[in-house]
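Hydrogens, waters and symmetry mates play no part in the numbers below; they use all other heavy atoms, side chains included. Just so it is clear, the structure is predicted and the values come from calculations on it, not from any experiment.
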Amino acid sequence: MKTTMNVKHVLLVGLCLSGTAAMAQPTLKQAGKYAQTITPADLKKHLTIVASAEMEGRETATPGEYKAAAYIIEQMKAIGLQPGNNGQWTQSYNVYRDSLTEASLQVNGSKLNLNKDFSATTANYNSHMSFGEVVYVNMEDSLWKNNKVDVSGRLVLVRMKAPAAGAGGRGFFGGPAMVVGQLQAKGAAAVLVMGDRINDGKEPVMSNMTVVKDPARQGINFFSLSDVAAAQLLGADAATEKGGKLLSKNIKASVHFSYHEKQITLVSNNILGFLEGTDKKDEFLVVTGHYDHIGRRGDIINYGADDDGSGTVSVLELAEAFVKAKAEGKGPRRSMLFMTVSGEEKGLWGSGHYGNNPVYPLEKTTANLNIDMIGRTDTIYESKKDSAVYVYLVGEDKLSSDLPGVSVLANKNLKMVLDGRYNDPLDKSRIYFRSDHYNFAKHGVPILFYFDGIHRDYHRPTDTVDKIEFELMAKRAQLVFLTAWEIANRNDMLKRDKPLPAAALTR
C-alpha cells in the first residue's frame with residue numbers, strides 16, 4: 001500500500017511537472033495578445049524622434065547618428081533589455097573619413113575648374129595618372145551588353161542617367177558608385193562620370209567615408225564631369241551622345257589628373273539589446289534594422305523616416321512586446337538579440353562588422369529577421385488599394401525549407417499579401433543584397449527580409465514622418481513579431497538545407 005501510494009505520488013508529480021513545462025512553452029495562439037501591443041501610436045511616438053531634424057539624417061559616424069544611438073539605448077534600457085555585447089550596449093568599428101586636399105584635371109591641354117567643370121569624390125585614392133585615349137561607354141548599347149568593349153587598364157567616360165520616376169536612390173546602390181563598380185569589375189583604371197551633379201564644394205560628399213584604412217584598396221578613381229567639360233573630349237560626337245545615340249567607342253584625347261586627400265579616424269556603433277531565453281537560451285534569434293540614413297547636404301536634411309526609421313522603431317516595439325511576454329511567464333525559449341546597425345547606406349558596414357565579429361555564435365543563430373522600410377506603399381501598390389495591405393518578403397526560402405511555412409502561419413489572422421516579387425537573388429533590382437540580412441545569409445544563417453518597396457521619396461528629403469502609413473506599418477511589424485515568436489519558440493532551430501548557388505552569393 002505504501003509503495004503503491006508512492007508510485008501514484010511520483011506519477012502525479014511527474015504529470016504536474018510535465019503540464020507546467022508544456023504551459024511554459026509559449027504558443028503562437030498566445031502571441032496575438034502581445035502582437036497587439038505594437039500600435040500605430042507607439043510607432044509614431046518613436047519615429048517622430050528618430051526621424052526628426054535634430055538627428056540630421058543620421059549619417060554614419062556623425063553627431064546625428066550618435067544622437068540616434070543614444071535615444072535607442074535609452075529606449076532599450078527603459079524597455080527592460082540587457083546590454084547585448086558583454087555588458088555593453090554598443091559594438092563599435094572604425095570609420096575613416098577622407099578629406100580632399102588637392103584635385104586637378106586637364107583635358108587636351110585645358111585645365112578644368114574644380115567644383116565647376118568637375119568634382120572629385122573622396123572615394124578616390126592619392127594618385128597621378130595620364131592617358132592618351134578615353135573609352136566612351138554607352139551601357140545601353142549592344143557593344144557593351146555583349147562584352148565587346150575593352151576597358152581594362154583604361155580611362156572610361158560614361159553617362160550617369162537620372163533615376164526613373166519613383167525609383168529614387170543614389171547612395172551606395174543607386175548612384176555613380178554602382179556604375180563605377182561595374183566598370184571596376186571590368187578592369188577600368190579610372191572613370192569620368194557625366195550627368196551626375198557637380199559638387200560645388202560647399203556640401204559634404206556622401207561617399208567620403210570608408211571602412212578600409214588604406215584608401216588605395218577601396219576602388220578606382222572617378223570624377224563627376226560637366227557636359228561642357230565632356231564636350232571637350234567628345235568633340236563633334238557631343239550632341240549625339242547627349243541624345244543617347246552614340247555607340248561605345250575609343251576617343252583620342254590627352255587627359256591628366258591628380259588627386260590627394262588625408263584621412264581621419266571616426267567610430268560608428270551597432271546597438272545591441274538582449275533578452276535571455278528559457279530552456280533554449282544558448283540558441284539565438286536576431287532581429288535587425290539599420291538606424292543610419294544618408295544625412296544632410298548643406299541645409300537640406302534627408303530624414304529617412306521610412307528608410308530605415310520605420311525598421312528601427314519596429315525593432316524597439318518588437319523588443320518591448322517580447323519583454324512584456326516574458327514578464328508574464330511567456331518569454332521566448334531562445335535568446336533574442338534586437339540590434340540596430342549603422343553604416344547600411346554606406347555598404348552594409350555595421351552588419352558586415354557583426355557578421356565578421358559575431359557576439360553570439362552564428363552556428364547557433366537560428367535566423368535573422370531584417371526590417372528595412374515597412375512604413376509606406378510603393379509605386380507598384382499605390383494603385384491597388386484593394387490589396388494594399390502587403391509586404392515584400394525576400395530570402396525566406398533561400399537557406400531553409402522551414403521559413404516559408406512559418407510566414408504563412410504567422411500571417412493566418414493578419415491576412416496580408418505576402419509578395420515575393422523581389423525574392424530572386426538574381427533579380428535586376430538585387431534587393432537580396434541591398435540590406436543587412438545579406439551579411440547573415442552569406443554566413444549560412446537563414447534570413448527573412450521585410451520591405452515595402454521603392455517609393456517616390458526613397459533617399460530624398462521628402463522621406464518624412466508625415467508620409468508614414470502607421471496602421472499599415474503596425475500590421476507589418478506585428479507580422480514580424482508573430483514570425484519571431486514562432487521561430488524563437490519552436491522545438492528545433494530552422495533547418496539549413498538550401499544553400500544558395502555560389503553565383504547568387506557574389507555581389
Side-chain angles (χ1 to χ4, degrees), residues 44 46-72 95-101 103 113-124 160 162-163 165-177 193 195-210 223-226 261-262 264 266-269 290-310 312-313 342-347 349 373 375-376 454-468:
K44 185 174 184 178
H46 289 306
L47 190 57
T48 300
I49 296 170
V50 169
S52 67
E54 181 184 1
M55 303 299 179
E56 299 178 309
R58 310 185 305 279
E59 187 169 12
T60 300
T62 65
E65 186 195 68
Y66 299 150
K67 289 176 186 177
Y71 177 77
I72 294 165
V95 172
Y96 304 99
R97 181 186 288 277
D98 304 325
S99 178
L100 176 67
T101 57
N113 296 310
L114 179 64
N115 301 326
K116 180 181 177 183
D117 301 317
F118 78 101
S119 61
T121 169
T122 48
N124 289 342
M160 177 69 199
R170 293 167 55 82
F172 186 82
F173 292 103
V193 180
D196 193 44
R197 184 169 59 87
I198 302 297
N199 191 319
D200 62 7
K202 296 177 182 178
E203 299 181 16
V205 181
M206 180 179 163
S207 56
N208 65 346
M209 296 182 196
T210 176
F223 301 90
S224 294
L225 198 64
S226 71
E261 66 179 34
K262 61 182 180 181
I264 61 173
L266 302 170
V267 173
S268 189
N269 301 287
H290 73 89
Y291 72 100
D292 67 296
H293 191 53
I294 62 174
R296 64 186 303 159
R297 302 293 169 260
D299 294 330
I300 299 174
I301 297 174
N302 295 283
Y303 294 93
D306 193 26
D307 185 15
D308 182 33
S310 63
T312 298
V313 303
S342 63
E344 191 271 354
E345 299 290 0
K346 302 296 186 185
W349 289 351
M373 298 173 59
R376 297 281 299 271
I454 303 297
H455 51 71
R456 299 180 189 281
D457 299 303
Y458 172 67
H459 277 200
R460 291 183 171 143
T462 47
D463 181 8
T464 50
V465 174
D466 61 295
K467 306 278 184 64
I468 298 295

Side-chain heavy atoms of [X] within contact of [Y], under 4.5 Å:
X	Y	result
D307	H290	yes
V50	Y71	yes
H293	H459	yes
E59	E345	no

What distance separates [X] [atom1] from [Y] [atom2], expressed to the nearest 0.5 Å?
X	Y	atom1	atom2	answer
I72	H46	CD1	NE2	10.5 Å
N115	S224	CG	OG	10.5 Å
I468	D463	CD1	CG	6.0 Å
Y303	R296	OH	CZ	8.5 Å
E344	D292	CD	CG	6.0 Å
N269	E65	CG	CD	7.0 Å

Nearest non-hydrogen partners of [X] and [Y], listed with the distance:
X	Y	answer
A68	Y291	CB-CD1, 3.9 Å
T464	D466	OG1-OD1, 2.5 Å
A305	L47	O-CD1, 3.5 Å
V465	A51	CG2-CB, 3.8 Å
S268	V95	CB-CG2, 3.8 Å
A103	L100	CB-CD1, 4.0 Å

Quiz question: by atom type and distance under 3.5 Å, do the side chains of T62 and E56 form a donor-acceptor pair? no

Can a salt bridge be assigned to the pair D457 and R376 using a cut-off of 4.0 Å between side-chain N and carboxylate O? yes

Can we say R97 and E261 salt-bridge, meaning some charged N sits less than 4.0 Å from an Asp/Glu carboxylate O? no

Using the test ring pair (Phe, Tyr, Trp, His ring centres under 6.0 Å), find all partners of F118 that sit at least two apart in sequence or belong to another chain. F223

Does K467 NZ have over 12 foreign heavy atoms under 6.0 Å away? yes

Looking at D308 and M373, would you say the former's side chain and the latter's main chain have a donor-acceptor pair under 3.5 Å? yes

Using only atom types and a distance under 3.5 Å, with no angle test, would you say the side chain of D306 pairs donor to acceptor with the backbone of G375? yes

